[in-house]
Amino acid sequence: MNVLDRTGFLTLVATLAGLPTTDVVFAPDPEPAMVSPESQVRVTLTLFGLAALGVDEHRDAFNPGGYPDNTLVTTEIGNRDITINVMVEAYDLGIEAMEIIDRIRTGIRTAASTATLNSLRLAFVWATKTTRIRTVREQRETSVATADFMLAGIAQQVSAAQTGSGWVDDIDGVPI
């Protein structure tokens, strides 16, 4: 499994921003959606950095749930720093992109968001200050702002599963 569950994180950001999930995309999006005429806002998330912390752990588990009896499962697990850039474009001048990023920054610290992040194996660490970008899109002034969000994540991957790897039941045909 990847460290970042893009769909789960995208859904959380859309909820915090008060937008439908169709107005939030991960870059590069092969088919960027049209900006919704109702919200007049697009949020673009970019995986900006992914770094391992320390050395990954090599874990063996005998008979873990979801596997047949007498199965030895080897899992590689490690901590990661994840940086996600959040860019908000507001096409209605009555909407300030910086305020939408602030909604996300404030909401990501709530108990409900923490529970959602936990289910995604993520934890919010910090966010940079928001930067406003003067932009003209389609010949009109657009409110654009960006900030980086640092998350801590867990990389986990099953590297081997051996069935029939039980305890020694006998030695030279003599039961123990």
Side-chain angles (χ1 to χ4, degrees), residues 1-57 75-157:
M1 176 173 222
N2 291 332
V3 177
L4 178 61
D5 177 346
R6 290 174 184 246
T7 303
F9 189 75
L10 181 145
T11 302
L12 174 63
V13 169
T15 302
L16 296 175
L19 298 169
T21 56
T22 54
D23 290 342
V24 181
V25 296
F26 256 99
D29 187 4
E31 296 180 27
M34 298 286 290
V35 175
S36 165
E38 288 83 29
S39 70
Q40 292 288 303
V41 174
R42 176 181 307 154
V43 177
T44 304
L45 306 173
T46 305
L47 179 58
F48 191 72
L50 181 64
L53 297 176
V55 177
D56 288 357
E57 183 180 342
T75 303
E76 312 306 323
I77 189 166
N79 295 319
R80 301 289 186 266
D81 274 343
I82 303 163
T83 306
I84 297 176
N85 177 263
V86 178
M87 184 176 74
V88 176
E89 299 169 275
Y91 292 88
D92 178 348
L93 289 181
I95 301 171
E96 181 54 56
M98 292 178 75
E99 291 176 347
I100 294 172
I101 289 181
D102 192 58
R103 274 190 235 158
I104 297 167
R105 179 191 323 272
T106 303
I108 204 162
R109 291 184 169 101
T110 65
S113 292
T114 299
T116 300
L117 288 170
N118 284 343
S119 72
L120 299 172
R121 294 192 324 237
L122 295 172
F124 175 71
V125 179
W126 53 260
T128 62
K129 74 176 197 169
T130 303
T131 304
R132 183 174 190 278
I133 304 169
R134 290 187 52 95
T135 307
V136 175
R137 298 259 203 257
E138 299 172 5
Q139 301 170 344
R140 60 183 171 165
E141 181 87 15
T142 306
S143 175
V144 178
T146 184
D148 289 340
F149 285 68
M150 174 68 82
L151 303 160
I154 298 173
Q156 184 172 331
Q157 178 179 333

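- Across all their heavy atoms, Ser113 and Gly107 have their closest contact at OG-O, 2.7 Å.
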### Query
What do the steps show when you test Asp102 against Thr130 for side-chain hydrogen bond (donor to acceptor under 3.5 Å, both in side chains), and what is the final call?
CA-CA 8 Å; Asp102 192 58; Thr130 303; over 6 Å; no
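- Residues Phe26 and Leu4 meet the side-chain proximity criterion, which asks for heavy atoms closer than 4.5 Å.
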### Task
Go through the steps to decide whether Thr83 and Met150 satisfy the test side chain to side chain contact (heavy atoms under 4.5 Å, CB included), and finish with yes or no.
CA-CA 5 Å; Thr83 306; Met150 174 68 82; 3.5 Å; yes
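- From Ile84, atom CD1 reaches atom CG of Leu47 across 6.0 Å, with rounding to the nearest 0.5 Å.
- Note that the CD1 atom of Ile101 and the CD atom of Glu96 stand 9.5 Å from one another [nearest 0.5 Å].
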### Task
Please report the C-alpha distance between Arg6 and Leu45 in whole Å, then the side-chain angles of each, then the deciding distance to 0.1 Å, and finally whether the side chain to side chain contact (heavy atoms under 4.5 Å, CB included) criterion is met.
CA-CA 9 Å; Arg6 290 174 184 246; Leu45 306 173; over 6 Å; no
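- Of all heavy-atom pairs between Ala97 and Ala145, the closest is CB-N, 3.6 Å.
- Between Arg103 and Leu16 the shortest side-chain heavy-atom distance does not fall below 4.5 Å.
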### Query
When you look at Phe149 and Ile82, which way does the side chain to side chain contact (heavy atoms under 4.5 Å, CB included) test go after all the steps?
CA-CA 8 Å; Phe149 285 68; Ile82 303 163; over 6 Å; no
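- Checked options Ile100, Thr21, Val43; the residue passing with Val13 is Val43 (criterion: side-chain contact (heavy atoms from CB on, under 4.5 Å)).
- Of all the heavy atoms in Arg105 and Lys129, the pair that sits closest is NH2-C, 4.1 Å.
- Atom CG of Asp81 sits about 9.0 Å away from atom CG of Leu50, to the nearest 0.5 Å.
- Atom CG of residue Leu10 and atom OG1 of residue Thr15 lie 9.5 Å apart, to the nearest 0.5 angstrom.
- Side-chain contact check for Glu141 versus Arg134: some heavy-atom pair is nearer than 4.5 Å.
- With contacts defined as side-chain heavy-atom distances shorter than 4.5 Å, the pair Glu89/Asp23 does not qualify.
- Rounded to the nearest 0.5 Å, atoms CD (Gln40) and OG1 (Thr142) are 10.0 Å apart.
- Thr116 places a side-chain N or O within 3.5 Å of a backbone atom of Ala112 that can act as its donor or acceptor partner.
- With rounding to the nearest 0.5 Å, the separation of CD in Gln156 from CD1 in Ile77 is 4.0 Å.
- In this structure, the side chains of Asp5 and Leu122 stay at 4.5 Å or more apart for every pair of heavy atoms.
- At distances below 3.5 Å, not a single donor-acceptor pair connects side-chain atoms of Thr46 with backbone N or O atoms of Ala27.
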